[in-house]
Engineer: 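Here it is, the structure in full.
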Number of protein chains: 2
Amino acid sequence: MFQYRVLSAGVTADTLSCKVQDISAPNEATILALLDRLGIDLGFARHAVIFQEKDQAAHFYRLVKGTVQLSKLRINGRRQIVRLVLPGDLFGFEADELRRLTAESLDEAVVAQYPTEVLDQIGNGSPQLHRAVMRFLRLQLFSTQEHAVMLGRQTALERVAAFLHLLAKRKNIKNGGVLMLPMRRRDFADYLGLSVETVSRMLTKLKDAGLIAVSKNHGKFVIRDIDSLEDVMLDAKAYGLS
Amino acid sequence: MFQYRVLSAGVTADTLSCKVQDISAPNEATILALLDRLGIDLGFARHAVIFQEKDQAAHFYRLVKGTVQLSKLRINGRRQIVRLVLPGDLFGFEADELRRLTAESLDEAVVAQYPTEVLDQIGNGSPQLHRAVMRFLRLQLFSTQEHAVMLGRQTALERVAAFLHLLAKRKNIKNGGVLMLPMRRRDFADYLGLSVETVSRMLTKLKDAGLIAVSKNHGKFVIRDIDSLEDVMLDAKAYGLS
DNA sequence: CGTAAGGTTGATAGGATTCAATGTACGTGG
DNA sequence: CCACGTACATTGAATCCTATCAACCTTACG
């Protein structure tokens, strides 16, 4: 459908190794070294489905460029996004045989695809690689737990602040910097467990308080005061906003 | 404090291998075979702290008997339980060097303790073990994601129903069977992201609808209609309860 | 039997959703 | 190039759900 092959010329060892620098955690160079040889690069247009719940899971992926979200759809139509995948992240090997999540691109994305067997090969290979993958899974688990705490115990304003804070930190954005976020309000809301309207209201609240600026042009936020953003995220009431 | 050593006589290979049967997923016999030789059994009284946030993480654990909860405490005092550990489950190796969670026993619990180095040894050993641990982590990740969906997108009644349903399934309880749950309402609430009062109200709602019976004796629930419990969990409104 | 800890129930308030209307950017075709 | 339509965002008003506060009840236990 939207899927197309990328000329492998565009994305190769060079591009990858430069990407490796600005990645938060998961990617040990050791994994990449192995993966570089085995992957196929795929390109996806905006809002394309990379895989879906119930699909057979024969591959896992590494995001090379763009943004991808992993979500779950409930029978009554409600959706929860459980993870935001940023460049350099691995994704798509959380399932057994069948996918339990849906992966969609938020913008134009390039994704490296690997057969799941590679994971087993990693195990057979050096224990270093083994430890790297385990570490990645543990970090993944930890951040999902943090997400759960947010969904269970934070107010709407705290969630929005926490989300912006998280991304600003991960992308290493300082005060005055611009946070590019290709998500629509719908995705925003589904990640935070809120309605679009509430997200909108909380964003204007943060804007009015001078902590962020929202660009007319969708998907751009200016981080004005990241420390206050953190204060709000920890306890909106104590900060004086609610 | 509450912690005391258990005479290893009480809990040995026999007890373990019989436990292995009724466990959902994590425990491949292969892991256990290795672990049996390396662990130390510890006993904990009710509501004892096994480890705490910020503690140094030198060990991981397998629950032999009892129930353990893993939680996170926010600065404003709000708590979210992120996982309920049942007999046979591994826990306590999600952290790097410092604990990111607090582990507490809910009832009298026996826990096998292993040095974290064992994990690395597993990697050096057979790839079978390696795959088993990875599988465990992936399943863990999956169930945390499910938990996140619940916290983000389900109503109070749906959460309570889902929780009872989950445990009934895991402990293989049929209609008429008794679900033993040593949790207090406070823990119940903190797992579901609700207040104690709301949990209480939802339980009476389920009781009035005839789906469960709540024993006077704390911590005992009779599952009356597990299928309806599932219906409520999926969509309380559609089922006619709200 | 009396006290303490935990659970239930009621009344009220508050926060988030829902429904509805308006606003704004963007792309298409006249 | 402007008009118009579509998609998405914002704002307002009303409703609903859950939390909070408070009282009362139950169970466990000395």
Side-chain angles (χ1 to χ4, degrees), chain A residues 45-47 74 76-80 106-107 150-163 181-208 212-221 232 235-242, chain B residues 45-47 74 76-80 106-107 150-161 163 181-208 212-221 232 235-237 241-242:
Chain A
R46 284 187 83 207
H47 305 133
R74 276 163 49 69
N76 57 18
R78 303 201 137 204
R79 189 179 69 150
Q80 177 68 48
L106 288 171
D107 44 9
M150 187 198 81
L151 294 172
R153 290 300 185 206
Q154 286 187 254
T155 65
L157 186 59
E158 287 166 356
R159 295 184 204 191
V160 173
F163 187 45
L181 249 191
M183 300 169 89
R184 292 172 293 195
R185 292 290 178 276
R186 161 91 275 129
D187 302 319
F188 229 96
D190 286 344
Y191 183 84
L192 299 173
L194 300 170
S195 68
V196 278
E197 294 92 333
T198 301
V199 170
S200 190
R201 280 184 246 274
M202 299 305 137
L203 282 172
T204 48
K205 217 171 245 186
L206 290 175
K207 190 187 67 184
D208 292 349
I212 61 169
V214 182
S215 153
K216 306 271 171 195
N217 193 2
H218 292 166
K220 281 166 86 173
F221 299 88
V232 172
D235 196 331
K237 199 168 242 171
Y239 181 82
L241 274 181
S242 52
Chain B
R46 285 188 82 208
H47 306 134
R74 275 162 51 68
N76 56 17
R78 304 203 137 201
R79 188 179 69 151
Q80 177 69 48
L106 289 170
D107 44 10
M150 186 196 81
L151 294 171
R153 290 301 186 204
Q154 288 186 253
T155 65
L157 186 59
E158 287 165 356
R159 295 184 204 191
V160 174
F163 186 46
L181 248 193
M183 301 170 88
R184 290 173 296 195
R185 291 291 179 275
R186 162 91 273 129
D187 302 318
F188 228 96
D190 286 344
Y191 183 84
L192 298 172
L194 299 170
S195 68
V196 279
E197 295 93 332
T198 301
V199 170
S200 190
R201 281 184 244 275
M202 298 306 138
L203 283 172
T204 47
K205 215 172 247 186
L206 291 175
K207 189 186 68 182
D208 292 348
I212 61 169
V214 182
S215 153
K216 306 270 172 196
N217 194 2
H218 292 165
K220 281 167 87 172
F221 299 87
V232 172
D235 195 332
K237 199 169 241 170
L241 275 182
S242 52

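Proteins come first, then strands; the chains are lettered A, B, ... in the order of their sequence lines, and each starts at number 1.
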Engineer: If I compare all heavy atoms of D107(A) with all of P182(A), which pair ends up nearest, and what's the gap?
Structural biologist: OD2-CG, 3.5 Å

Engineer: For S242(B), which contact category applies under a 4.0 Å heavy-atom criterion: base, sugar-phosphate, or nothing?
Structural biologist: nothing

Engineer: Starting the side chain at C-beta, find the nucleotide from dA9(D), dT8(C), dT17(C) nearest to V214(B).
Structural biologist: dT8(C)

Engineer: Take atom CZ of R186(A) and atom P of dT10(D), then tell me their distance rounded to the nearest Å.
Structural biologist: 14 Å

Engineer: Out of dA9(D), dT10(D), dG6(C), which has the shortest distance to the side chain of R184(A)?
Structural biologist: dA9(D)

Engineer: Let me know the distance between CG of N217(B) and P of dT8(C), rounded to the nearest Å.
Structural biologist: 13 Å

Engineer: Q154(A) has an atom CD; how far is it from atom P of dT18(D), in whole Å?
Structural biologist: 19 Å

Engineer: So, does T204(B) get its side chain near the phosphate of dT9(C), meaning an N or O under 4.0 Å from OP1 or OP2?
Structural biologist: yes

Engineer: Looking at R201(A) and dG12(D), is any side-chain donor or acceptor paired with a base atom of the opposite kind under 3.5 Å?
Structural biologist: yes

Engineer: Categorize G193(A) for me: base, sugar-phosphate, or nothing, with a 4.0 angstrom heavy-atom threshold over every strand shown.
Structural biologist: sugar-phosphate

Engineer: So what does L194(B) hit on the nucleic acid, given a heavy-atom distance under 4.0 Å: a base, only sugar-phosphate, or nothing?
Structural biologist: sugar-phosphate

Engineer: So, does R153(A) use its side chain to make a donor-acceptor pair with the main chain of L194(B) at under 3.5 Å?
Structural biologist: yes

Engineer: Please determine, for the side chain of T198(A), which listed nucleotide (dC26(C), dT8(C), dA16(C)) has the closest atom?
Structural biologist: dA16(C)

Engineer: Counting only side-chain heavy atoms from C-beta out, which of dC21(D), dA25(C), dC17(D) sits nearest to E197(B)?
Structural biologist: dC21(D)

Engineer: Hey, does R159(B) reach any base, or is it just sugar-phosphate, or nothing, if we go heavy atoms under 4.0 Å?
Structural biologist: nothing

Engineer: Should the pair F188(B) and F163(B) be assigned to parallel (<30°), tilted (30 to 60°) or perpendicular (>60°) ring geometry?
Structural biologist: perpendicular

Engineer: Would you mind reading off the distance between L203(A) atom CG and dT24(C) atom P, rounded to a whole angstrom?
Structural biologist: 17 Å

Engineer: By nearest nucleotide on DNA chain C, pick out whichever of R78(A) and K216(A) is the more 5' one.
Structural biologist: R78(A)

Engineer: Round to a whole Å and report the spacing from CZ of R46(B) to P of dC29(D).
Structural biologist: 9 Å

Engineer: Could you check how far CZ of R185(A) sits from P of dT17(C), rounded to whole Å?
Structural biologist: 15 Å

Engineer: Could you give the NZ-to-C1' distance, from K237(A) to dA13(C), as a whole number of Å?
Structural biologist: 11 Å

Engineer: Run through R159(B), R78(B), R79(B) and flag the one making a salt bridge (Lys or Arg N to Asp or Glu O under 4.0 Å) with D190(B).
Structural biologist: R79(B)

Engineer: Output the rounded distance in Å from NZ (K220(A)) to P (dA25(C)).
Structural biologist: 14 Å

Engineer: If you check the S195(A) side chain, which of dC8(D), dT17(C), dA19(D) turns out closest?
Structural biologist: dT17(C)

Engineer: What's the verdict on side chain to side chain contact (heavy atoms under 4.5 Å, CB included) for L157(A) and L206(A), showing C-alpha distance, side-chain angles and the deciding distance?
Structural biologist: CA-CA 8 Å; L157(A) 186 59; L206(A) 290 175; 3.9 Å; yes

